[in-house]
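Atoms within each ligand, like the ligands themselves, are counted from 1 in listed order. All heavy atoms count here, side chains included; hydrogens, waters and symmetry mates do not.
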Amino acid sequence: TAQSAGKGVLAGKTVLVTSGPTHEPIDPVRYLANRSSGRQGHAIAAAAASAGARVTLVSGPVSIPDPAGVTVVRVETAREMLAAVEAALPADIAVFAAAVGDWRPAETRGGKIKKDGAAVPPLTLVENPDILATIAGRIKARPPLVVGFAAETDDVLDNARKKLAKKGCDLLVANDVSHEGGVMGGVENTVHLLARDGALDTWPRLGKDEVGKRLVARFAEILSAMPG
Ligand code: CTP
Ligand code: CA
């Protein structure tokens with residue numbers, strides 16, 4: 001339930017959240033995507049709004065409803081997501097929960113690629129911008145608390161530690177998305193919270209809504225402990 005302005009642990013704060021997959025078009029009818037449902041990012045946005053924050057949710061294409069009390073900006077591609085994130089700054093907290101497509105087709109065909117003809121069409125990929133690393137590395141208007149996610153199938157903690165350093169974020173939420181876990185697209189999540197100073201927290205398997213609430217409570221603690 002949304003709280004009225006002025007109440008809650010994030011009252012007066014602004015929060016930016018990315019959520020969902022991206023779609024990277026091949027032609028007008030085909031795209032590259034991934035299994036993200038947007039549930040975890042949307043749950044964080046909803047929890048932040050309930051905690052009194054002004055929330056902008058930049059979401060890729062998802063089939064779940066918009067959270068209440070949140071400004072939703074819909075995008076399709078990674079490049080659109082980066083532009084929407086930059087337009088939504090400044091923010092006190094930026095949470096990058098989206099499963100951003102790492103690559104996009106080098107060219108998007110204006111017309112549907114037809115099957116007639118002998119050869120299978122080649123698909124050349126180019127790398128997308130890294131939204132989290134771009135924002136975490138900003139000098140101007142860098143959010144004081146930048147939170148990244150890590151989707152890993154193997155060596156979860158090891159990869160997460162490397163990712164935290166590489167991306168330059170303050171906090172990393174690592175989850176195991178191996179197929180058995182059923183996290184990607186599912187309703188539950190087992191997360192490890194890694195801080196820049198090496199502190200590690202592992203939470204039990206929880207519903208994504210509960211993970212969202214706990215994360216927001218943690219963000220509020222970290223923010224209130226910051227000088228200024
Ligand atoms: N991320 C992003 N922009 C990208 C790729 C990832 O903002 N182009 C963000 C995600 O939202 C997440 C974090 O970076 O917060 C880590 O995403 P992940 O896919 O786990 O890491 P990558 O750096 O893309 O590495 P890899 O997929 O190879 O593990
Ligand atoms: Ca990736």
Side-chain angles (χ1 to χ4, degrees), residues 15-25 31-45 48 55-62 73-89 91 93-106 125-138 141-143 145-179 181 183-186 189-196 208 211-212 215-216 218-219 222:
V15 177
L16 168 67
V17 183
T18 70
S19 187
T22 62
H23 286 184
E24 307 294 338
Y31 56 82
L32 294 178
N34 61 67
R35 293 188 191 281
S36 171
S37 66
R39 281 198 189 96
Q40 190 60 81
H42 279 52
I44 293 165
V55 182
T56 301
L57 174 63
V58 178
S59 177
V62 296
V73 181
R74 293 182 167 283
V75 298
E76 274 201 21
T77 67
R79 289 185 294 176
E80 289 167 10
M81 188 172 276
L82 175 59
V85 162
E86 284 181 324
L89 291 178
I93 306 173
V95 184
F96 296 92
V100 182
D102 291 319
W103 307 283
R104 67 176 181 275
L125 303 180
V126 295
E127 198 165 320
N128 270 327
D130 191 316
I131 302 167
L132 167 59
T134 301
I135 302 306
R138 265 169 88 129
R142 183 196 190 273
L145 179 57
V146 175
V147 183
F149 273 67
E152 305 291 346
T153 56
D154 305 285
D155 305 322
V156 177
L157 286 180
D158 218 43
N159 280 319
R161 285 203 179 88
K162 287 181 194 141
K163 211 165 264 184
L164 174 80
K166 191 180 76 178
K167 303 276 186 172
C169 52
D170 304 299
L171 196 67
L172 192 87
V173 183
N175 45 83
D176 187 338
V177 294
S178 57
H179 186 63
V183 166
M184 204 86 178
N189 207 356
T190 307
V191 308
H192 310 273
L193 267 185
L194 263 175
R196 229 213 277 235
K208 288 182 178 177
V211 170
L215 283 175
V216 161
R218 178 60 61 91
F219 300 160
I222 294 171

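Closest heavy-atom contact between Ser19 and Met81: O-CE, 3.8 Å. Nearest heavy-atom pair across Val216 and Ala48 is CG2-N, 3.6 Å. Taking all atoms of both residues into account, the shortest heavy-atom contact from Arg142 to Cys169 is NH2-CA, 4.2 Å.
Counting only heavy atoms from C-beta outward, the side chains of Val85 and Ile135 approach each other to under 4.5 Å.
Close contacts of ligand 1 with Pro129, meaning ligand atoms under 4.0 Å from a residue heavy atom, involve 3 (N), 4 (C), 8 (N). Residue contact check: Ala151 has heavy atoms under 4.0 Å from atoms 20 (O) of ligand 1. Those atoms of ligand 1 that come under 4.0 Å of a heavy atom in Leu132, given as number and element, are 2 (C), 7 (O), 9 (C), 13 (C), 14 (O), 15 (O). With ligand atoms numbered from 1 in the order given, ligand 1 contributes 5 (C), 24 (O), 27 (O) to contacts under 4.0 Å with heavy atoms of Asp102. Atom numbering of ligand 1 starts at 1 in the shown order; those under 4.0 Å from a heavy atom of Ala150 are 20 (O). Residue Gly148 has at least one heavy-atom neighbour below 4.0 Å for each of these atoms of ligand 1: 15 (O). Counting the atoms of ligand 1 from 1 in the order shown, those under 4.0 Å from a heavy atom of Phe96 are 10 (C), 11 (O), 12 (C), 15 (O).
Closest to atom 6 (C) of ligand 1 among all protein heavy atoms lies Lys167 NZ, 3.8 Å. For atom 12 (C) of ligand 1, the closest non-hydrogen atom of the protein is Phe149 O, 3.0 Å. Of all protein heavy atoms, the one closest to atom 18 (P) of ligand 1 is Lys163 NZ, 3.4 Å. Nearest non-hydrogen protein atom to atom 3 (N) of ligand 1 is Ile131 N, 3.0 Å. Closest protein heavy atom to atom 11 (O) of ligand 1: Ala98 O, 2.7 Å.
Using a 4.0 Å heavy-atom cutoff, Asp130 is listed among the residues neighbouring ligand 1.
Gln40 and Asn189 form a side-chain donor-acceptor contact under 3.5 Å, judged by distance and modelled atom types alone.
At a distance under 4.0 Å, no protein heavy atom can be found next to atom 28 (O) of ligand 1.
Remark: side-chain polar atoms of Ser59 are not paired, donor with acceptor, to backbone N or O of Gly20 under 3.5 angstrom. Between the side chain of Asp155 and the backbone N or O of Asp158 there is no donor-acceptor pair closer than 3.5 Å.
Salt-bridge annotation for Lys163 and Glu152: present, with a side-chain N of the basic residue lying under 4.0 Å from a carboxylate O of the acidic one.
Atom CG in Leu132 sits 11.0 Å away from atom CZ in Phe149 (nearest 0.5 Å).
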